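Treat the numbers as computed from the prediction; the structure is a model and nothing was measured.
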Amino acid sequence: MRVKYNSPFILTFTFICVIVMVVDLLTYGQTIRQFFTLLPLAHYGGSAFINPFFYFRLFSHSIGHADFVHLTSNLTLILLIGPILEEKYGGKYLLIMTLITVLITGLLNIFFFPHPLLGASGIAFMMIILGSFTNVESGYIPLTFFIIVVLFLGQEIFKTLESNNISEFAHIVGGLCGSFFGFIFRGAATSQDSEGEMEYNS
């Protein structure tokens, strides 16, 4: 049996995150701190919007992770749910959803929170909520959606009352983005035809 690169977007994202972590170890923690951490707006001293690294970090922060525990916890969820979503929506649309989630999380964080942001937690939670819509029928809202919202987002909202080092904010924003995408694309099933175009069936 041959090994198949079955989920190009999810696997490529995973390998990039792992490579960045390895390079960070070889550079004694400087790579992620310099290029893959979204710093607070105050750090730029009013020059954020003319700093090219600011725009890069708005997206790259999702690739950097604090350590391998942080990395594996996020990638485990992404690798479990991501391939199903990529098969349903296609790699291009899943990429767009991911970029929108990362951008919204980054912008809200720099404007409303004073701490740095890094990691793919928002992406993981977006996929968790979006995954609850996988078998949705047109005209119906799946009960699994409500259960997952209570179990995951409810837990994160409760944790915001506690003091810890995990950005529950990113989890909540990711979950809200997943809910939005789920409703927008509900009932859609995608497949590749002979010409590689996307077909949608309600």
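How far NE2 of His115 is from CG of Leu39: 12.5 Å, rounded to the nearest 0.5 Å. Rounded to the nearest 0.5 angstrom, Thr14 OG1 and Asn74 CG are separated by 10.5 Å. Between the CG atom of Leu38 and the CZ atom of Phe113 there is a distance of 12.5 Å, given to the nearest 0.5 Å. In this structure, Leu130 CG and Ile184 CD1 are separated by 11.5 Å, a value rounded to the nearest 0.5 Å. The distance from the CD1 atom of Ile172 to the SG atom of Cys177 is 12.0 Å, given to the nearest 0.5 Å. For the atom pair CZ (Phe181) and CD1 (Ile96), the distance works out to 9.5 Å, reported to the nearest 0.5 Å.
Ala66 and His70 get closest at one heavy-atom pair: N-ND1, 3.1 Å. Smallest separation of non-hydrogen atoms from Thr37 and Pro116: CG2-CB, 3.7 Å. Across Pro83 and Ile10, no two heavy atoms sit closer than the pair N-CG1, 4.0 Å. In plain terms, the two heavy atoms of Ser179 and Ile129 that are nearest each other are OG-CG2, 3.2 Å. Considering all non-hydrogen atoms of both residues, Pro40 and Pro114 come closest at CG-O, 3.0 Å.
Remark: side-chain polar atoms of Ser132 are not paired, donor with acceptor, to backbone N or O of Ile128 under 3.5 angstrom. Under a 3.5 Å cut-off, the side chain of Thr12 and the backbone N or O of Pro8 do form a donor-acceptor pair. Between the side chain of Ser60 and the backbone N or O of Phe35 there is at least one donor-acceptor pair closer than 3.5 Å. At distances below 3.5 Å, not a single donor-acceptor pair connects side-chain atoms of Arg57 with backbone N or O atoms of Gly106. At least one donor-acceptor pair under 3.5 Å links the side chain of Glu86 to the backbone N or O of Phe9. Between the side chain of His65 and the main chain of Leu118, no donor-acceptor pair closer than 3.5 Å is present.
Of the options Leu85, Thr101, Leu176, a side chain to side chain contact (heavy atoms under 4.5 Å, CB included) to Met126 is made by Thr101 and by none of the others. Residue Leu107 is tested with Val102, Leu58, Val173 for a side chain to side chain contact (heavy atoms under 4.5 Å, CB included); the sole match is Leu58.
A 6.0 Å sphere centred on CZ of Phe59 holds more than 12 heavy atoms belonging to other residues, nucleotides or ligands. Dense packing is recorded around OH of Tyr5, with more than 12 heavy atoms of other residues, nucleotides or ligands lying under 6.0 Å away.
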Side-chain donor-acceptor distances from residues 48-56 under 3.5 Å, at least two apart:
from	atom 1	to	atom 2	distance (Å)
Asn51	OD1	Phe53	N	2.9
Tyr55	OH	Phe49	O	2.7

If you apply the rule side-chain contact (heavy atoms from CB on, under 4.5 Å), what do you find for Phe36 with His61, and how did you get there? CA-CA 4 Å; Phe36 298 95; His61 72 268; over 6 Å; no

Given Met127 and Leu94, is the side-chain contact (heavy atoms from CB on, under 4.5 Å) satisfied, shown in steps? CA-CA 9 Å; Met127 291 184 178; Leu94 189 57; 4.3 Å; yes

Given the rule in the side-chain contact (heavy atoms from CB on, under 4.5 Å) test, do Leu71 and Asp67 qualify, once you have shown the distances and angles that lead to the verdict? CA-CA 6 Å; Leu71 175 69; Asp67 49 42; over 6 Å; no

Full working for side-chain contact (heavy atoms from CB on, under 4.5 Å) between Met97 and Ile123: CA-CA 9 Å; Met97 294 178 201; Ile123 298 173; over 6 Å; no

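By the criterion of side-chain heavy atoms lying less than 4.5 angstrom apart, applied directly or through intervening Ile, Leu, Val, Met, Phe, Trp or Tyr residues, Ile63 is grouped together with Ile100 in one hydrophobic cluster. Side-chain heavy atoms closer than 4.5 Å link hydrophobic residues (I, L, V, M, F, W, Y) into clusters, and following such links, even through other members, never connects Ile19 to Ile32. Tracing side-chain contacts under 4.5 Å through hydrophobic residues (I, L, V, M, F, W, Y), one never reaches Phe13 starting from Val23; they form parts of separate clusters. Hydrophobic clustering places Leu99 together with Phe15 (ILVMFWY residues linked when any side-chain heavy atoms are closer than 4.5 Å, directly or through intermediates). Grouping the Ile, Leu, Val, Met, Phe, Trp and Tyr side chains by contacts below 4.5 angstrom, directly or via other members, places Leu75 apart from Val69.
The closest side-chain heavy-atom distance from Asn6 to Leu11 is below 4.5 Å.
For the 3.5 Å distance criterion, the side chains of Thr76 and Thr72 fail to qualify, holding no donor opposite an acceptor.
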